[in-house]
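For reference, the structure discussed in these notes is given below.
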Amino acid sequence: MDAVRRLLIPVAAVLAMVLFSTNAQAGPATGAAVDPGARPLDRTVWLCRPGLVNNPCGQDAEGMPQSGGPELVTRYPSGGTRLLDATRFAADGSGKREPFTVAKKPPVDCFYAYPTVDLLPNPPLPIGGRAPVPQDVHQAVTLMQSARFAGLCRMFVPVYRQVPLPALVAGIVIGSGADLTTATMDIRDAWDDYWTHDNRDPETGERRGVVILAHSQGTAVAAALMRERVDEHPGVRRQLVTAALLGGNIEVPEGRDAGGGSDPASTFQHLPVCRRPAGAPMPIGCVVSYATYSLPEGSLPAVIGRTASPGHRVVCVNPAALLRGEAAGARVPLDLYLPTRRLVGGNALLPNGPLAVPLNGYQLPDLATGFAHHPDALTGECTHATQGTISADWLQVGGELSYFPASAPAGLTGLHAMDFNVAQGDLIALVTAQTRAWLDRRDP
């Protein structure tokens with residue numbers, strides 16, 4: 001529990017990225033407002049599940065486009081469709097449309113826990129087992145962060161009773177913290193539902209490989225889920241292709257990649273950090289994690305990426321360096337995919353649509369496609385620094401920072417809102433390579 005708490009505290013702080021920082025933990029903090037009537041949901045509420053009628057992620061039961069065409073057509077709960085295409089910009093500023101197509105059945109699954117986007121409790125009266133409702137804001141952040149993984153995954157995205165942003169702000173104001181017990185319960189139960197009913201391949205009956213994706217509060221609850229359901233179970237670990245747990249502190253002992261079975265300060269005991277020494281094969285069954293900043297020399301991250309736990313460090317894995325087989329601290333180009341106003345449902349009044357608060361200050365590209373693709377516009381390198389008893393590790397981003405608000409890169413939360421996007425092309429390419437390696441191990 002102490003290791004999970006260390007993970008959740010900085011995560012909760014960045015969740016209030018446009019207002020305040022705060023504390024959160026897997027269980028109730030002393031004095032925290034806890035709903036004593038909260039209980040498990042009667043059934044999982046899925047935003048995306050393969051085969052759902054009008055599946056917001058656009059996939060049929062096999063992961064192919066429900067539209068019948070090669071391009072994946074996604075849908076907002078309130079209506080309206082979106083493609084996942086991109087405008088790829090060359091160095092001279094010219095752009096060319098990149099369609100997003102799915103040509104064959106995805107070989108593995110993705111289980112995604114989205115970050116804090118609820119501004120109000122969902123459901124409005126979160127008592128008992130009342131179920132949350134899929135909303136446009138959940139779809140907007142899913143499209144922005146994880147939907148493009150649908151080219152290699154069947155997408156499973158549960159709606160969960162997360163701690164809304166105002167409650168996190170209130171936690172710091174009154175000093176009570178925030179309680180993620182219900183959020184963790186919902187994600188854990190959704191995983192159990194998936195594992196029991198959906199993880200077996202309908203044709204072969206074999207267990208499918210699974211990729212776990214999460215960000216911020218989603219990383220907090222996904223890490224808690226993985227500690228309970230994956231880390232201590234060799235059979236489940238074997239089905240894990242990889243996990244990308246971004247925007248939250250994953251901690252390991254200094255000089256080691258996991259706790260080893262008896263380190264309460266380590267986030268995981270057996271699941272290792274994804275490392276790739278020179279000449280080594282692509283790692284699988286491991287964890288990628290980072291928080292993005294662009295800090296001046298001599299500075300440390302203000303919130304996330306820091307730990308005061310003696311003998312431990314926060315994990316930073318640069319997916320672009322890992323993919324290329326470069327040293328862990330190498331500076332390499334990043335493959336940036338910026339969401340557009342069209343993708344997130346923006347309009348003249350609310351340019352960032354339902355993500356107006358999480359994306360406060362961002363001026364998203366106004367294009368006809370879903371993304372603006374800027375390959376090699378950014379660079380990234382995992383950076384380590386200490387200050388007294390504080391140890392810090394983060395993904396230091398350089399290059400063309402004009403795509404972001406001027407105050408964001410070196411601010412309180414850095415580029416937290418764009419953790420997935422600054423290297424989205426690299427993350428997808430990395431997971432694709434890890435999927436091939438996992439399949440090769442399964443079918444030698």
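Quick caveat: nothing in here was measured; it's all calculated off a predicted structure.
- The residue from Val210, Val431, Leu152 that alone fulfils the side-chain contact (heavy atoms from CB on, under 4.5 Å) condition with Val108 is Leu152.
- Counted within 6.0 Å of CZ on Arg324, heavy atoms from surrounding residues, nucleotides or ligands total more than 12; the atom is thus considered enclosed.
- No side-chain heavy atom of Tyr160 sits less than 4.5 Å from a side-chain heavy atom of Asp189.
- Inter-residue side-chain proximity for Leu430 and Leu322 is flagged as met; some heavy-atom pair is nearer than 4.5 Å.
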(message) Test salt bridge (Lys or Arg N to Asp or Glu O under 4.0 Å) on Glu71 and Arg97; report intermediate values, then the result.
(response) CA-CA 13 Å; Glu71 289 202 63; Arg97 180 178 181 265; 2.9 Å; yes

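- Heavy atoms of other residues, nucleotides or ligands lying less than 6.0 angstrom from CD of Glu297 number 12 at most.
- Scanning all heavy atoms of the two residues, the minimum distance from Leu334 to Val422 falls at CB-O, 3.4 Å.
- Within the 3.5 Å criterion, the main-chain N or O of Leu323 finds a donor-acceptor partner in the side chain of Arg276.
- Between the side chain of Gln135 and the backbone N or O of Val137 there is no donor-acceptor pair closer than 3.5 Å.
- Contact of the Phe149 side chain with the Leu427 side chain is registered, since non-hydrogen atoms from C-beta on lie closer than 4.5 Å.
- With hydrogens and angles ignored, the 3.5 Å screen pairs no side-chain donor or acceptor of Asn421 with any backbone N or O of Gln424.
- Put simply, the side chain of Gln139 never gets that close to the backbone of Pro77: no donor and acceptor are under 3.5 Å apart.
- Remark: aromatic rings of His138 and Tyr114 are close, center separation under 6.0 Å.
- Of all heavy-atom pairs between Asp376 and Pro333, the closest is OD1-CB, 3.2 Å.
- Using the six-membered ring where Trp is involved, Phe420 and Tyr112 have ring planes that are perpendicular, over 60° apart on the 30 and 60° scheme.
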(request) Test side-chain contact (heavy atoms from CB on, under 4.5 Å) on Cys316 and Thr383 and set out the steps. (result) CA-CA 8 Å; Cys316 179; Thr383 302; over 6 Å; no

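- The minimum heavy-atom distance between His416 and Ser216, with the atom names listed, is NE2-OG, 2.9 Å.
- With rounding to the nearest 0.5 Å, the separation of CZ in Arg75 from CG in Leu52 is 11.0 Å.
- The backbone N or O of Trp46 lies less than 3.5 Å from no partner atom in the side chain of Thr44, so there is not a single donor-acceptor pair.
- Minimum interatomic distance between Pro121 and Pro164 (heavy atoms only, all atoms of both residues): N-CG, 4.0 Å.
- Without hydrogens or angle criteria, Asn318 side chain to Cys382 main chain gives no donor-acceptor distance under 3.5 Å.
- With contacts defined as side-chain heavy-atom distances shorter than 4.5 Å, the pair Pro65/Leu72 qualifies.
- Centroid-to-centroid, the aromatic rings of Tyr290 and Trp394 stay 6.0 Å apart or farther.
- For the pair Leu439 and Pro107, the minimum side-chain heavy-atom distance is below 4.5 Å.
- Between the side chain of Gln217 and the backbone N or O of Val163, at least one donor-acceptor pair lies under 3.5 Å.
- Note that SG of Cys110 is 4.5 Å distant from CG of Leu213, once rounded to the nearest 0.5 Å.
- With a 4.5 Å cut-off on side-chain heavy atoms, Leu245 and Ile212 count as touching.
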(request) Step by step, work out the side-chain contact (heavy atoms from CB on, under 4.5 Å) result for Thr182 and Asp186. (result) CA-CA 6 Å; Thr182 301; Asp186 285 357; 4.3 Å; yes

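- A salt bridge between Arg49 and Asp198 is present, with a side-chain N of the basic residue lying under 4.0 Å from a carboxylate O of the acidic one.
- Atoms CZ and OG1, on Arg227 and Thr184 in that order, are 11.5 Å from each other to the nearest 0.5 Å.
- Within the 4.5 Å cutoff, side-chain heavy atoms of Ile390 are placed close to those of Leu300.
- The main-chain N or O of Gly63 is found under 3.5 Å from a side-chain atom of Asp60 such that the two form a donor-acceptor pair.
- Considering CZ of Arg188 and CG of Leu225, their distance stands at 9.0 Å, rounded to 0.5 Å.
- To the nearest 0.5 Å, atom CD1 of residue Ile428 and atom OG of residue Ser146 are 9.5 Å apart.
- Checking each of Thr307, Asp263, Thr267 against His312 for a side chain to side chain donor-acceptor pair (under 3.5 Å) leaves exactly one that passes, namely Asp263.
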Let me have the donor-acceptor pairs involving side chains of residues 361-369, under 3.5 Å, with sequence neighbours excluded, atom names and distances please.
from, atom 1, to, atom 2, distance (Å)
Thr369, OG1, Thr87, N, 3.3
Thr369, OG1, Thr87, OG1, 2.7
Thr369, OG1, Phe371, O, 3.1

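- With hydrogens and angles ignored, the 3.5 Å screen pairs no side-chain donor or acceptor of Asp257 with any backbone N or O of Cys274.
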(request) Go through Asp231 and Arg237 one step at a time and tell me if the salt bridge (Lys or Arg N to Asp or Glu O under 4.0 Å) criterion holds. (result) CA-CA 7 Å; Asp231 192 39; Arg237 292 202 307 269; 5.2 Å; no

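- Taking the six-membered ring for Trp and the full ring otherwise, Tyr403 and His374 have centroids separated by under 6.0 Å.
- Nearest heavy atoms, Pro106 versus Gln59: CG-NE2, 4.3 Å.
- Residue Val102 comes nearest to Met64 through the heavy atom pair O-CE, 3.7 Å, listed as atom of the first residue, atom of the second, then distance.
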(message) Test side-chain hydrogen bond (donor to acceptor under 3.5 Å, both in side chains) on Glu98 and His373; report intermediate values, then the result.
(response) CA-CA 9 Å; Glu98 290 180 337; His373 182 195; 3.1 Å; yes

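- Note that CD of Gln145 and CG of Leu246 are 8.0 Å apart. Values are rounded to the nearest 0.5 Å.
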(message) Show, in sequence, the C-alpha distance, side-chain angles and deciding distance for Thr142 and Leu47, and conclude whether the side-chain contact (heavy atoms from CB on, under 4.5 Å) test is met.
(response) CA-CA 9 Å; Thr142 297; Leu47 174 68; 3.5 Å; yes

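- Listed by chain and number, the residues in a ring-ring contact (aromatic ring centres under 6.0 Å, His included) with Trp191 are Phe111, Tyr194, Trp195 (sequence neighbours excluded).
- Counting only distance, with no hydrogens or angles, the side chain of Tyr337 and the backbone of Pro375 share no donor-acceptor pair below 3.5 Å.
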(request) Run the numbers on Leu359 and Met418 for side-chain contact (heavy atoms from CB on, under 4.5 Å), then give the verdict. (result) CA-CA 9 Å; Leu359 294 181; Met418 293 289 167; 4.0 Å; yes

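- Using a 4.5 Å heavy-atom cutoff, the side chains of Val357 and Leu119 are in contact.
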